[in-house]
Student: 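One structure follows; several queries about it will come next.
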Amino acid sequence: EKDELNIRVNKTVEYLNQFAKLSYKDSKALVEKLTKLKVPRLKEEHICKIVDVLPISIEELKSALQAYTITINNENLKKIVNSVKEFVKKI
């Protein structure tokens, strides 16, 4: 029973490591950077989604935000993507 638990814990840690791309510190810094962009209508929930997905192209960003009723102009889309790219380079 103990061995089975250890196997499950290890598999869970492996799974999380595949998806937890940024450290807490970097995630927080990216949230602050995206917030400071002051993109109209971009709310905290949108920023959290961006940090979760880490889109590095405008197409990926649009795809990540398609579930929301939000329109962002191309200039701001580029600013967001460029901000994300700075943090993705650290991974």
Side-chain angles (χ1 to χ4, degrees):
E1 192 174 303
K2 186 177 179 185
D3 289 337
E4 185 178 326
L5 180 61
N6 288 336
I7 290 170
R8 287 177 189 235
V9 168
N10 288 335
K11 289 200 178 280
T12 302
V13 169
E14 282 178 37
Y15 178 81
L16 290 174
N17 286 335
Q18 288 178 334
F19 293 98
K21 296 178 182 176
L22 290 182
S23 67
Y24 175 76
K25 180 181 172 186
D26 285 342
S27 294
K28 190 173 179 182
L30 180 53
V31 167
E32 289 175 13
K33 184 168 184 96
L34 294 174
T35 302
K36 287 180 183 175
L37 291 177
K38 298 212 182 289
V39 174
R41 296 177 299 283
L42 190 68
K43 297 179 182 168
E44 185 179 348
E45 67 182 295
H46 306 130
I47 291 172
C48 289
K49 183 66 166 185
I50 292 166
V51 173
D52 284 346
V53 177
L54 298 175
I56 55 170
S57 71
I58 290 176
E59 293 77 26
E60 288 179 8
L61 177 56
K62 286 180 177 179
S63 178
L65 297 176
Q66 72 182 5
Y68 305 101
T69 54
I70 182 173
T71 304
I72 301 173
N73 67 32
N74 278 338
E75 182 181 331
N76 284 325
L77 289 171
K78 288 177 189 173
K79 287 179 187 177
I80 293 168
V81 167
N82 289 334
S83 296
V84 171
K85 283 181 180 178
E86 288 177 33
F87 286 84
V88 170
K89 287 179 189 174
K90 297 178 182 182
I91 299 174

Student: Applying the 4.5 Å side-chain criterion to the ILVMFWY set and letting contacts propagate, would V81 and V53 be lumped into a single cluster?
Tutor: no
Student: Would you be so kind as to tabulate the donor-acceptor pairs closer than 3.5 Å made by side chains of residues 42-51, with sequence neighbours excluded?
Tutor:
from : atom 1 : to  : atom 2 : distance (Å)
H46  : ND1    : K43 : N      : 2.8

Student: Show every donor-acceptor pair shorter than 3.5 Å between a side-chain atom in residues 54-73 and any protein atom, with sequence neighbours excluded, or say none if there are none.
Tutor:
from : atom 1 : to  : atom 2 : distance (Å)
S57  : OG     : E60 : N      : 3.1
E60  : OE1    : I56 : N      : 2.9
N73  : OD1    : E75 : N      : 3.3
N73  : OD1    : N76 : N      : 2.8
N73  : OD1    : N76 : ND2    : 3.3

Student: Atom NZ in K78, atom NZ in K85: separation rounded to 0.5 Å?
Tutor: 11.0 Å
Student: Heavy atoms, side chains only, cut-off 4.5 Å: are N10 and I7 in contact?
Tutor: no
Student: Write out all pairs satisfying side-chain hydrogen bond (donor to acceptor under 3.5 Å, both in side chains) with one or both partners inside residues 27-37, taking only residues at least two apart or from two chains.
Tutor: K33-E86
Student: Determine the minimum heavy-atom distance between F87 and D26, stating which atoms define it.
Tutor: CE2-O, 3.5 Å
Student: Within this structure, what is the CG-OG distance for the pair L30 and S83, rounded to the nearest 0.5 Å?
Tutor: 7.0 Å
